[in-house]
Every structure is written in C-alpha cells, then in structure tokens.
Amino acid sequence: RRKKFVLRNRMLVIGIIAVLVVLLAGFIVSTAFAVRAARAHAEAVTARDETERQAKTSQAVSDFLRNDLLALVDPYVAQGREVTVRSFLDAASEKLEDKFETEPLVEASIRHTLGTTYRNIGDFASAEKHLQRAYEIRLEQLGSKHAETLNTMDGLARVYWRQGRYDQAQQLFTETVEGRKSVLGTNHPDTLFSMNGLAVLYFSQGRYKDAESLYENMLQISRRVLGEDNVSTLLFMGNLATVYRFQGRYGQAEPLYVKAMEQSRRLLGEEHPDTLYCMQGLGMLYVAQGRYEQAEPLLLDALEVGYLVLGAEHPDTLASMNGLATLYIARSNYNQAEKLLTDALDAGRLTLGEAHPATLTSMNCLGRLYYKMDRYEQSLPLLVDTLQARQLVLGDEHPDTLESMHCLAVLYTAKGMLKEAEELLVKALQGRRRVLGAEHPDTIAMTADFVKLYETWGKHDLAGQWRAKLPPTEAAGEQ
C-alpha cells in the first residue's frame, strides 16, 4: 500500500522529501560553520564542545523527522486525507510546539528551516513566526555573533523585505553584514549573500546608487573568489543588471542579463527561480526598448514556469503577471492585460495586503491600463489611491511614487483637470531629475506630456518651448 501511495502521489512525496533534505542539509551546513566559528573564537566555546552539541542537535532533529514527521505521509495514518507540502509544514509546526522545551537549540534549528521553507513558498506570516522564535533562542543561547544566529538574522531580514517592512529589514541586514564580515570575513560566500540581501533592499527603497555600488563590489569579489560561473556570481550579475535597467542604462544591463540567464539555465535549469528572474528581467528590458517580439516569449515562459514552480500567489509570479501585462499594454492588447492585472491585484491584496509595494504596482498598472482604454472613471480612483499609498509607504521621492504622480497627471490632462495636471507633472519632473537624473528615459519621456498639457490648455507658447526639448524622433512625429 505504501508503494502505491508513493506512485499515486509522486510530486507530493518529492516535495516533502525536498523539505526533509533541506532540514538535514541545513544542520550539516550549520555544523560546519559552527565548528569553523568555534575554532576561530575559542574563547566563546571549544570546538570539541561545539561539535558535540551539533551532533546531539542533528540526532534530535533526525529523530523528530523520522518519528514525528514521516508518519504524516504514511497512508495508514493519513487515511485518505490529502497531504500537501503546506499541510506537511503546518503539521510539523504543530508537533514542534512544546516538544523541545529542554533542548532550545534543537527547536531553533528546526524552526529556522521551517521558516525558510515557508518563506520560499510565499507564506511570510508563518515564516516570520518561526524565524523570529529561532532568532530569539539563538541570540540568547549563542550570542549575536555566532554563525547560526547570523544565519537566522539574515533569514528574518528577508521575510521583512518580502513583507515590505523595509526599515526593519535594513536594520537586520546591516547587522548581519557587519557580523558576518567580523566572523567570516568580507570574501566569505555567506557574507556576500547577506550583502546581496542589503543591496536588494536598497533597490526596493529606490536607492539605486547605493545598490549599484554594493553590487559592483560584490560582483568583483565573487568573480575573484568564487569564479565567473559560480551561481552566486550569476545571481549578483542578474541583480546588477536590474539596477542598470531601472537607471535607464540598457546597454550595460543587456549583456549581464544574457550571460546570467544562459549560465543559470545551464547550471541550475530552466525552472530555477534565479533563471526565471533573469528571463523576466531581460524581457522587461526588451519592453523598455520597444523590442516586443523578443520580450514576449521570455515573459510568457517566465510566467508559465512561475505558476508551476512558485505558485500563482507568490510575489515573483505576481511580478511576472505585471510584466507581461505591461507588454500587452504597450502592444494595445488591452483585454489580455486587464485579465492579468485584475488577477494580480486580487492575489496581491489577499496574500500581501492593500499597501504592499507589489500590490501597489498592480494597482498602478491597472489604473494606467484603464486610462489607455479611455475608462477614466475606473482609472482615477486606482491612480489616486496608489499615489497616496506610495507616498505613505515609500516616500515622496521614491521612483515608484514619482511614476504614480506622472500617471495621474496624464489622466488629469485627459480629464481637463489642467491645473492639477501641471502641478503633478512639475513635481514629478523635479523629483525624477533629482532621483534618476535629467537623462533618464523616464525623465525625458515627460517632455511630450508637457507639450500635450499646454496644447490642451491653449498655452501654445509654453507648448512650443517644451516641443523644442523633445528628442529628435519624437519631435519629427509631432510635425
């Protein structure tokens, strides 16, 4: 009967085995790091004692897996109830309560891995619960500079980042980077990994220069220490390409994306999240350049595989939905774009919350779509709400907030609200010049909107002044 159960539930069993492998692998890696840290810091604990502690922890974890968790998928125990990876994790969480009251470090090890797995499947509330408790235990038992404590700090910071809680994430990422530099050294892979987390946070905060500086430094170290084709090097390469893309430096972004994508496909496979990230990023770069035929297959594949690997409600999948919808808007495929954006917005509101940056991206895209479709009354509340939320969550000069100002100003022009449009356009232009620079494509693109505003308003002299600033190709189109 067990053999038949395995055959009927092959994907479930593979998923659960993967969770168990991650659990065990995590303890093996933790043991290795802890022993190295102990040898380097003999004043804190002897390497022998640390090894013995880790051996006992690993044995306790092994017993927990074998006796408490594997039984959950036994058909004699499950008795026909559906068992999923999430239900497996939930059951493991329930069985963990009060089981290791006298062995807190065992509890911390299990909670750390459960929290990491919850984070990877997009359940950030459950992830936070486990990682917060693991961090508290390890901080109390091992201290703030122990390798295991730093590992959990890094994991909890990533949850905060995923939740859009950027201030809390920044504090933990900063502490983790400094701690790992002190304990492991700047060139250690774990230190670079935490630096990557901090750089991603800077990018999410709209601090593109800070992210760029950190990524270029990390990439240089990673190439020298780990090698050009190391998976961490490829991750940093793809992330730096994204920073360049958002800075409008398309020529520098493309070769990095292409190399990172091709090598990730070879080393990690077509369905690995890092490969999907590069496919999505390169596709969006092509959209920004108007290379729609090259963009579409990349964005379609990234979304299709994202559905399969990450699930329909994972933030990365929602980003892929927004990206493909952006392409459809550019190609005037409005009905297809609307379906994607309404689905993404519903999922974002449900899983991430109304004010999460990813949800606000879907709202802004949908508002922009309705403007394109001349459905102004549907566009207006979406764009107004998005701008207000972004100002509150991200600040007045975050690039996303400036984008919302621009979109709402364009809508105001179409609705004849010309004074309001001018006020927002001027504010958005000034902000983009400060934050992105006068030569950024988004800054330059606003010129045509000033021309349209002043022509609509009957202020032809001002319209002419702005028309003179148009790039040559757009100026020719105006004639």
Novice: Are the side chains of Leu360 and His356 in touch, meaning some heavy atoms are under 4.5 Å apart?
Specialist: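 No, too far: nothing below the 4.5 Å cut-off.
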Novice: Find the distance between CG (Leu192) and OG (Ser222) and round it off to the nearest 0.5 Å.
Specialist: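 With rounding to 0.5 Å, CG (Leu192) is 6.0 Å from OG (Ser222).
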Novice: Can you confirm whether the side chains of Asn335 and Tyr328 place a donor and an acceptor under 3.5 Å from each other?
Specialist: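 Judged by distance alone, the side chains do not pair up.
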Novice: Going by an N to O cut-off under 4.0 Å, is there a salt bridge joining Arg432 and Glu403?
Specialist: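 Answer for the salt bridge query: no.
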Novice: Can you list the residues that meet the side chain to side chain contact (heavy atoms under 4.5 Å, CB included) rule with Val159, with sequence neighbours excluded?
Specialist: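 Expected list: Arg119, Phe124, Ala127, Glu128, Leu131, Gln163.
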Novice: With side chain to side chain donor-acceptor pair (under 3.5 Å) as the criterion, how do Tyr160 and Asp167 come out once you've worked through the C-alpha distance, each side chain's angles and the decisive distance to 0.1 Å?
Specialist: CA-CA 9 Å; Tyr160 289 155; Asp167 289 343; over 6 Å; no
Novice: Side chain of Thr191, backbone of Asn187: donor and acceptor closer than 3.5 Å?
Specialist: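 Side chain of Thr191 to backbone of Asn187, a donor-acceptor pair under 3.5 Å: no, none is there.
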Novice: Do Glu455 and Arg467 have side chains that get closer than 4.5 Å, going by heavy atoms?
Specialist: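 A side-chain contact under 4.5 Å exists here.
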Novice: Which atoms form the tightest heavy-atom contact between Ala347 and Glu313, and what is the distance?
Specialist: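 Closest approach of Ala347 to Glu313: CB-CG, 4.3 Å.
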Novice: Verify whether one side chain among Tyr118 and Asp90 offers a donor that lies under 3.5 Å from an acceptor in the other.
Specialist: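 There is such a pair between these side chains.
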Novice: May I ask you to test the Pro471-Ile444 pair for a side-chain heavy-atom distance under 4.5 Å?
Specialist: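 Side-chain contact under 4.5 Å: yes.
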Novice: With the side chain counted from C-beta on, respond yes when Asp210 and Phe203 share a heavy-atom pair under 4.5 Å apart, and no when they do not.
Specialist: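 Sidechains of Phe203 and Asp210: no contact.
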Novice: Applying side-chain contact (heavy atoms from CB on, under 4.5 Å) to Glu136 and Leu139, what does each step give before you reach the verdict?
Specialist: CA-CA 5 Å; Glu136 291 168 355; Leu139 185 62; 5.9 Å; no
Novice: Starting at OH of Tyr208, measure out to OH of Tyr244 and round the result to the nearest 0.5 Å.
Specialist: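 Those atoms lie 15.0 Å apart.
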Novice: What do the steps show when you test Tyr166 against Val393 for side-chain contact (heavy atoms from CB on, under 4.5 Å), and what is the final call?
Specialist: CA-CA 9 Å; Tyr166 295 155; Val393 173; 5.9 Å; no
Novice: So, applying side chain to side chain donor-acceptor pair (under 3.5 Å) with Gln247, which one of Gln252, His440, Glu212 is it?
Specialist: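 Of Gln252, His440, Glu212, side chain to side chain donor-acceptor pair (under 3.5 Å) with Gln247 is met by Glu212 alone.
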Novice: Give the minimum heavy-atom separation between Ala199 and Met218, together with the two atoms involved.
Specialist: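 Taking every non-hydrogen atom into account, CB-SD, 4.5 Å.
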Novice: So does Thr113 get a backbone contact from the side chain of Thr117, meaning a donor-acceptor N/O pair under 3.5 Å?
Specialist: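 Side chain of Thr117 to backbone of Thr113: a pair is present.
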Novice: Taking the side chain as every heavy atom from C-beta outward, state whether Leu340 and Leu303 have any atom pair closer than 4.5 Å.
Specialist: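 They are in side-chain contact.
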Novice: Determine whether Asp343 and Lys339 satisfy the following criterion, side-chain contact (heavy atoms from CB on, under 4.5 Å), listing intermediate values before the conclusion.
Specialist: CA-CA 6 Å; Asp343 287 349; Lys339 176 66 167 63; 2.4 Å; yes
Novice: For Thr152 and Arg138, test the side chains for any donor-to-acceptor distance below 3.5 angstrom and give the result as yes or no.
Specialist: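 Yes, a side-chain donor-acceptor pair sits under 3.5 Å.
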Novice: Measure the CG-NZ distance between Leu214 and Lys209 for me, rounded to the nearest 0.5 Å.
Specialist: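 Here the interatomic distance stands at 14.5 Å.
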Novice: Measure across Ser194 and Thr176 and return the closest heavy-atom pair with its distance rounded to 0.1 Å.
Specialist: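 Minimum heavy-atom separation between Ser194 and Thr176: OG-CG2, 3.2 Å.
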Novice: Is there a donor-acceptor contact under 3.5 Å from the side chain of Ser362 to the main chain of Leu341?
Specialist: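 Checked: no pair found.
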Novice: Do the side chains of His406 and Arg368 get nearer than 4.5 Å, heavy atoms only?
Specialist: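 No, every pair of side-chain atoms sits at 4.5 Å or beyond.
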Novice: I would like to know whether Asp442 and Arg433 meet salt bridge (Lys or Arg N to Asp or Glu O under 4.0 Å); could you show each step before the answer?
Specialist: CA-CA 10 Å; Asp442 289 350; Arg433 283 174 173 169; over 6 Å; no
Novice: For Met261 and Leu298: C-alpha separation, side-chain torsions, deciding distance, then whether side-chain contact (heavy atoms from CB on, under 4.5 Å) applies.
Specialist: CA-CA 11 Å; Met261 182 181 70; Leu298 288 170; 3.9 Å; yes
Novice: For residues 379-388, please give each side-chain donor-acceptor pair under 3.5 Å, one per line with the distance, not counting sequence neighbours.
Specialist:
unit_1, atom_1, unit_2, atom_2, d
Ser379, OG, Gly367, O, 2.7
Thr386, OG1, Leu382, O, 2.6

Novice: Please name all residues satisfying ring pair (Phe, Tyr, Trp, His ring centres under 6.0 Å) with Tyr370, sequence neighbours left out, ordered by chain then number.
Specialist: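 With neighbours one apart ignored, the set is empty.
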Novice: Glu397: which residues meet the salt bridge (charged side-chain N to carboxylate O under 4.0 Å, His left out) condition with it, sequence neighbours left out?
Specialist: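 With sequence neighbours excluded, Glu397 shows a salt bridge (charged side-chain N to carboxylate O under 4.0 Å, His left out) to Arg434, given in chain and number order.
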Novice: If you apply the rule side chain to side chain donor-acceptor pair (under 3.5 Å), what do you find for Thr242 with Tyr257, and how did you get there?
Specialist: CA-CA 8 Å; Thr242 296; Tyr257 270 138; 2.6 Å; yes
Novice: Which heavy atom in Ala169 sits nearest to a heavy atom in Trp161, and how many Å separate them?
Specialist: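 Closest approach of Ala169 to Trp161, heavy atoms only: CB-N, 3.7 Å.
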Novice: In terms of heavy-atom contacts, does CD of Glu304 have more than 12 from other residues, nucleotides or ligands at under 6.0 Å?
Specialist: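 It does not: Glu304 CD has 12 such atoms or fewer within range.
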Novice: Mark yes or no for whether His398, through its side chain, and Gly206, through its backbone, hold a donor-acceptor pair below 3.5 Å.
Specialist: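 Pair found, side chain donor or acceptor close to backbone of Gly206.
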Novice: As an exercise, state the distance from OG1 of Thr275 to CE of Met279, rounded to the nearest 0.5 Å.
Specialist: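 Going from the OG1 atom of Thr275 to the CE atom of Met279 covers 8.0 Å.
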Novice: Kindly list each side-chain donor-acceptor pair under 3.5 angstrom involving residues 407-430, sequence neighbours excluded, with atom names and distances?
Specialist:
unit_1, atom_1, unit_2, atom_2, d
Thr413, OG1, Ala409, O, 3.2
Lys415, NZ, Glu377, OE2, 2.8
Glu422, OE2, Tyr454, OH, 2.6

Novice: Between Tyr307 and Ser320, does a side chain to side chain donor-acceptor pair (under 3.5 Å) hold up when you go through it step by step?
Specialist: CA-CA 10 Å; Tyr307 277 136; Ser320 292; over 6 Å; no
Novice: Which atoms form the tightest heavy-atom contact between Gln391 and Asp396, and what is the distance?
Specialist: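 Scanning both residues completely, I find the closest heavy atoms to be CG-OD1, 3.3 Å.
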Novice: Please find the pair of heavy atoms, one from Gly281 and one from Arg245, that lie closest to each other, and give the distance.
Specialist: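 Gly281 and Arg245 have their closest heavy atoms at O-NE, 3.5 Å.
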Novice: For the side chain of Arg265 and the backbone of Glu270, is there at least one donor-acceptor N/O pair under 3.5 Å apart?
Specialist: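 Such a contact is absent between Arg265 side chain and Glu270 backbone.
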Novice: Just wondering, are more than 12 heavy atoms of other shown residues or ligands nearer than 6.0 Å to CD in Gln220?
Specialist: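 Check fails, neighbour count at 12 or below.
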Novice: Kindly check if the number of other-residue, nucleotide or ligand heavy atoms within 6.0 Å of NZ (Lys469) is above 12?
Specialist: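 Yes, the 6.0 Å shell around NZ holds more than 12 heavy atoms from other groups.
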Novice: Please confirm whether Arg158 makes a cation-pi placement over Phe193, using NZ or CZ under 6.0 Å from the six-membered ring centre and within 45° of the ring normal.
Specialist: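 Yes, Arg158 lies over the aromatic ring of Phe193.
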Novice: Are any non-hydrogen side-chain atoms of Thr233 and Asp229 less than 4.5 angstrom apart?
Specialist: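 The answer is no, as the side chains (C-beta and beyond) never meet within the 4.5 Å cut-off.
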Novice: How many angstroms lie between CG in Leu114 and CG in Asp123, if you round to the nearest 0.5 Å?
Specialist: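 Reported value, rounded in 0.5 Å steps: 11.5 Å.
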Novice: Check this for me: does any side-chain nitrogen of one of Asp154 and Arg180 sit under 4.0 Å from a carboxylate oxygen of the other?
Specialist: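 Answer for the salt bridge query: yes.
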Novice: Is the closest side-chain heavy-atom distance between Arg133 and His112 below 4.5 Å?
Specialist: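 They are not in side-chain contact.
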Novice: May I ask you to check whether His272 and Ser264 show a side-chain donor-acceptor distance below 3.5 Å?
Specialist: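 Note: His272 and Ser264 side chains miss the donor-acceptor criterion.
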Novice: Any side chain to side chain donor-acceptor pair (under 3.5 Å) involving residues 282-293? Give me the pairs, sequence neighbours left out, ordered by first then second residue.
Specialist: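 Counting only pairs at least two positions apart or across chains, the side chain to side chain donor-acceptor pair (under 3.5 Å) contacts touching residues 282-293 are Glu254-Tyr286, Glu254-Arg291, Gln289-Arg291, Arg291-Gln294, Glu293-Arg331.
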Novice: Rounded to the nearest 0.5 Å, how far does CG of Leu299 lie from CE of Met321?
Specialist: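 Reported to 0.5 Å precision, the distance equals 13.5 Å.
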